[in-house]
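In listed order, ligands and their atoms are each counted from 1.
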Amino acid sequence: MDKKTITIAGGSGFLGQVLKSYFHKKGYNIYILTRTPKQVNDFSWNAKDLGEWTHILEETNVLINLTGKSVDCRYTEANKKLIYDSRIDSTSILGLAIQNCKNPPEAWLNMSTSTIYEDSYYKEMTETSGDIGDDFSMNIAKSWEAIFNNLITPKPKKITLRTSIVLGKNGGALLPLKRLTQFGLGGKQWHGKQKVSWIHETDFARSIEFLIEQNLEGVFNIVAPKPTTNKYLMEVIRTALRMPFGISHPKWLLQLGAKMIGTEPELVLKSRNVIPQNLVANGFKFNYLEIESAIENLVKT
Ligand SMILES: NC(=O)c1ccc[n+]([C@@H]2O[C@H](COP(=O)([O-])OP(=O)(O)OC[C@H]3O[C@@H](n4cnc5c(N)ncnc54)[C@H](OP(=O)(O)O)[C@@H]3O)[C@@H](O)[C@H]2O)c1
């Protein structure tokens, strides 16, 4: 059987490279849409206009759109606009390009975020019963999903990826937490009771493969089934790094520190309690169910 071609828009970043490497090993053909092509099979686009790049969609079986300015920045008006525009414009133009295709992709997976759900300590947020929130990040996620859902495209099955923090070796949230821990600063952040929904990078890629191979469609929470807490996560990272102590961070320090390093404290203060109801109901099996084994695996190699 011929292997599928997957095009990853915004695939030059952390998650795109995780997917590229995973699917490449499985023999898939991978194209990346990027504003700055660097490698073979990178194609140039500006993430908002039609162009030469659209021809690759004719030979694409699966389109995955990850495009978006990182939310790891201060929410200035200029940054907020970039965060919004990069997600909405890229999704819209991909929709238009698909509408123009003679041979459209069979599936289109568009990134979203599990941050779309309200802050929650006790209630577990599933795709069906989760409470959708109403702050800046949640409203971005709602607009992102709305534009994706409202685009009428002739063929592809559409999948919305409400993804939690992805724990990886070479990028994402684990790297700064490891660094803090190595400097003796890996204690709990604020009271540490905030829930942390997470997924190991391998399970992130495996879940995408599962959605494609099973011909599924709809909204999926891409998270491991057992959220941890901030306090326990930091404890597990300290243990994996053999660090006997870790200074904790009160809320005022997190707010000040975030300002100094140009990010937002929301990223660690929010309680994310999200459950992968639809993945589990469809029979997906996680390799990393426990935070201990996920961190041990990512830290040791
Ligand atoms: N990492 C996580 O744990 C996580 C969790 C949930 C959701 N997400 C979402 O998943 C997506 C990918 O995450 P990631 O960690 O791989 O992010 P990343 O490393 O920052 O990569 C994002 C990609 O988007 C493109 N991009 C950035 N700013 C852009 C702009 N202003 N206009 C057009 N394109 C722009 C970049 O491609 P070029 O510069 O090559 O054009 C970049 O490769 C993001 O939308 C993110 O919000 C990530």
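- Closest protein heavy atom to atom 22 (C) of ligand 1: Gly68 O, 3.6 Å.
- For the residue pair Asn287/His200, the side-chain donor-acceptor check at 3.5 Å is not satisfied.
- Salt bridge present: Glu209 and Lys26 bring a charged side-chain N and a carboxylate O closer than 4.0 Å.
- The environment of OH in Tyr122 is sparse: at most 12 heavy-atom neighbours from other residues, nucleotides or ligands sit within 6.0 Å.
- Proximity of a side-chain donor or acceptor of Lys4 to a complementary backbone N or O of Val62 within less than 3.5 Å is not detected.
- Of the protein's heavy atoms, at least one falls inside 4.0 Å of atom 34 (N) of ligand 1.
- Counting protein heavy atoms only, atom 45 (O) of ligand 1 is closest to Leu66 O, 3.1 Å.
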Take Trp144 and Tyr84, measure what ring-ring contact (aromatic ring centres under 6.0 Å, His included) needs, and give me the verdict at the end.
CA-CA 8 Å; Trp144 200 5; Tyr84 180 88; over 10 Å; no
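- At least one N or O atom of Gly13, backbone or side chain, sits closer than 3.5 Å to an N or O atom of ligand 1.
- Distance check: Asn79 CG to Ile83 CD1 gives 6.0 Å after rounding to the nearest 0.5 Å.
- At a heavy-atom distance under 4.0 Å, no atom of Ser90 approaches ligand 1.
- Of all the atoms in ligand 1, the ones that sit under 4.0 Å from a non-hydrogen atom of Ile165 are 3 (O).
- From the protein, the heavy atom lying nearest to atom 5 (C) of ligand 1 is Ser164 O, 3.1 Å.
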Kindly indicate, with the supporting measurements, whether the criterion side-chain hydrogen bond (donor to acceptor under 3.5 Å, both in side chains) is fulfilled by Tyr22 and Glu201.
CA-CA 10 Å; Tyr22 180 84; Glu201 59 184 356; over 6 Å; no
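- Residue-ligand proximity, Gly10 to ligand 1, at heavy-atom distances under 4.0 Å covers atoms 23 (C), 43 (O).
- Only the side chain of Met111 comes within 4.0 Å of ligand 1, judged by heavy-atom distances.
- The protein atom (non-hydrogen) at minimum distance from atom 17 (O) of ligand 1 is Phe14 N, 4.6 Å.
- Backbone and side-chain nitrogen or oxygen atoms of Arg35 are examined, and one is located within less than 3.5 angstrom of a nitrogen or oxygen of ligand 1.
- Under a 4.0 Å heavy-atom criterion, Thr67 is in contact with ligand 1.
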Mind running side-chain hydrogen bond (donor to acceptor under 3.5 Å, both in side chains) on Lys188 and Gln194 for me, showing each step along the way?
CA-CA 10 Å; Lys188 64 179 191 284; Gln194 315 85 290; over 6 Å; no
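- Of all protein heavy atoms, the one lying nearest to atom 37 (O) of ligand 1 is Ser12 OG, 3.2 Å.
- Residue-level proximity to ligand 1 for Trp198 is absent, since no heavy atom of it falls below 4.0 angstrom.
- No more than 12 heavy atoms of other residues, nucleotides or ligands sit less than 6.0 Å from atom NE2 of His24.
- Ligand 1 is approached by Ser112 to a heavy-atom distance shorter than 4.0 Å.
- Ligand 1 places these atoms under 4.0 Å from at least one heavy atom of Ser86: 30 (C), 31 (N), 32 (N).
- Checked by distance only, ligand 1 and Trp144 stay at 3.5 Å or farther apart across all their nitrogen or oxygen atoms.
- Leu15 N, 2.8 Å is the protein heavy atom nearest to atom 16 (O) of ligand 1.
- When only non-hydrogen protein atoms are considered, atom 6 (C) of ligand 1 lies nearest to Thr163 O, 3.2 Å.
- The main-chain N or O of Lys123 is found under 3.5 Å from a side-chain atom of Ser120 such that the two form a donor-acceptor pair.
- Counting only distance, with no hydrogens or angles, the side chain of Asn61 and the backbone of Thr5 share a donor-acceptor pair below 3.5 Å.
- Atom 20 (O) of ligand 1 has Ser70 CB, 4.1 Å as its closest protein atom, hydrogens excluded (heavy atom only).
- Residue contact check: Thr34 has heavy atoms under 4.0 Å from atoms 38 (P), 40 (O), 41 (O) of ligand 1.
- Annotation for Lys231: atom NZ does not count as buried by contact number, only 12 or fewer foreign heavy atoms lying within 6.0 Å.
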Salt bridge (Lys or Arg N to Asp or Glu O under 4.0 Å) between Lys80 and Glu77, intermediate numbers included:
CA-CA 5 Å; Lys80 282 184 183 171; Glu77 288 312 311; 3.5 Å; yes
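- The shortest N or O to N or O distance between Gly172 and ligand 1 is not below 3.5 Å.
- Near Ala47, with a cut-off below 4.0 Å to any heavy atom, the atoms of ligand 1 are 33 (C).
- At a 4.0 Å cut-off, at least one heavy atom of Arg87 sits close enough to ligand 1 to count as contact.
- Salt bridge annotation for Lys69-Asp85: absent, with no cationic side-chain nitrogen under 4.0 angstrom from a carboxylate oxygen.
- For ligand 1, the atoms closer than 4.0 angstrom to any heavy atom of Lys69 are 27 (C), 28 (N), 29 (C).
- Under 4.0 angstrom from ligand 1, there are no non-hydrogen atoms of Ala173.
- Without hydrogens or angle criteria, Asn149 side chain to Glu145 main chain gives a donor-acceptor distance under 3.5 Å.
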